Amino acid sequence: RVARGRNQTLLAAGGVEDHVHLLASLSRSEAPADFVREVKAVSSRWLRTDRHLPDFAWQQGYAAFSVSRSNCGAVAGYIDRQE
């Protein structure tokens, strides 16, 4: 939902109990920090209200890496294989 609303493309998503991986194609005008801030805000509201997790909170930081188009499949596979 966040990616579509910002005209970006979410290519893969997955996570475990204590972290999440997202593979997204961001336009040149989209700062990764802005995208992550929106993902955290929207998902926090959803988890607190719809999933009834009032104490949910993201950590302050995050890591972002650029991936060449030719490696997107490998990264998406890595995300899909996370337990």
Side-chain angles (χ1 to χ4, degrees):
R1 183 175 115 183
V2 172
R4 280 189 306 245
R6 298 176 77 90
N7 203 25
Q8 313 304 328
T9 304
L10 183 63
L11 303 171
V16 294
E17 184 176 307
D18 64 350
H19 70 276
V20 66
H21 293 138
L22 301 176
L23 177 61
S25 177
L26 304 182
S27 71
R28 294 174 194 219
S29 63
E30 178 80 47
D34 294 337
F35 181 74
V36 171
R37 183 180 312 108
E38 184 72 10
V39 167
K40 285 183 172 186
V42 169
S43 60
S44 292
R45 282 191 296 274
W46 176 73
L47 288 164
R48 289 179 187 147
T49 58
D50 294 0
R51 293 309 214 177
H52 308 289
L53 296 171
D55 297 327
F56 177 82
W58 286 102
Q59 69 180 25
Q60 279 191 322
Y62 68 93
F65 305 92
S66 61
V67 178
S68 67
R69 189 175 303 272
S70 63
N71 283 319
C72 282
V75 174
Y78 170 81
I79 292 171
D80 288 341
R81 288 188 300 277
Q82 295 299 295
E83 294 184 15

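All figures in this text were calculated on a predicted structure; none of them were measured in a lab.
V20 and G14 make their closest contact through CG2-O, 3.1 Å (heavy atoms, listed as atom of the first residue, atom of the second, distance). Q59 and G61 get closest at one heavy-atom pair: NE2-O, 3.2 Å. The two residues P32 and L26 come nearest to each other via the heavy atoms CA-CD1, 3.9 Å.
Each side chain to side chain donor-acceptor pair (under 3.5 Å) pair with one or both residues in residues 10-25, not counting sequence neighbours, would appear here, but there are none.
Partners of R37 under the side chain to side chain donor-acceptor pair (under 3.5 Å) rule, at least two apart in sequence or in another chain, are D34. Evaluation of the ring pair (Phe, Tyr, Trp, His ring centres under 6.0 Å) rule for W46 yields no partner, not counting sequence neighbours. Partners of S66 under the side chain to side chain donor-acceptor pair (under 3.5 Å) rule, at least two apart in sequence or in another chain, do not exist in this structure. Residues passing the side chain to side chain donor-acceptor pair (under 3.5 Å) test with T49: none are found, sequence neighbours excluded. For D80, there are no side chain to side chain donor-acceptor pair (under 3.5 Å) partners two or more places apart in sequence or in a different chain. Shown here are the side-chain contact (heavy atoms from CB on, under 4.5 Å) partners of A74, two or more places apart in sequence or in another chain: there are none. Legend: residues meeting side-chain contact (heavy atoms from CB on, under 4.5 Å) with S68, ordered by chain and number and at least two apart, are S70, N71.
V36 belongs to a hydrophobic cluster whose remaining members, ordered by chain and number, are Y62; membership requires side-chain heavy atoms of ILVMFWY residues under 4.5 Å apart, directly or through intermediates. Its side chain within the 4.5 Å cluster rule, I79 clusters with L11, L23, V67, V75, Y78 among the Ile, Leu, Val, Met, Phe, Trp and Tyr residues.
Atoms CG and OG, on D50 and S43 in that order, are 12.0 Å from each other to the nearest 0.5 Å.
In this structure a side-chain-to-backbone donor-acceptor pair under 3.5 Å is present from E30 to F35.
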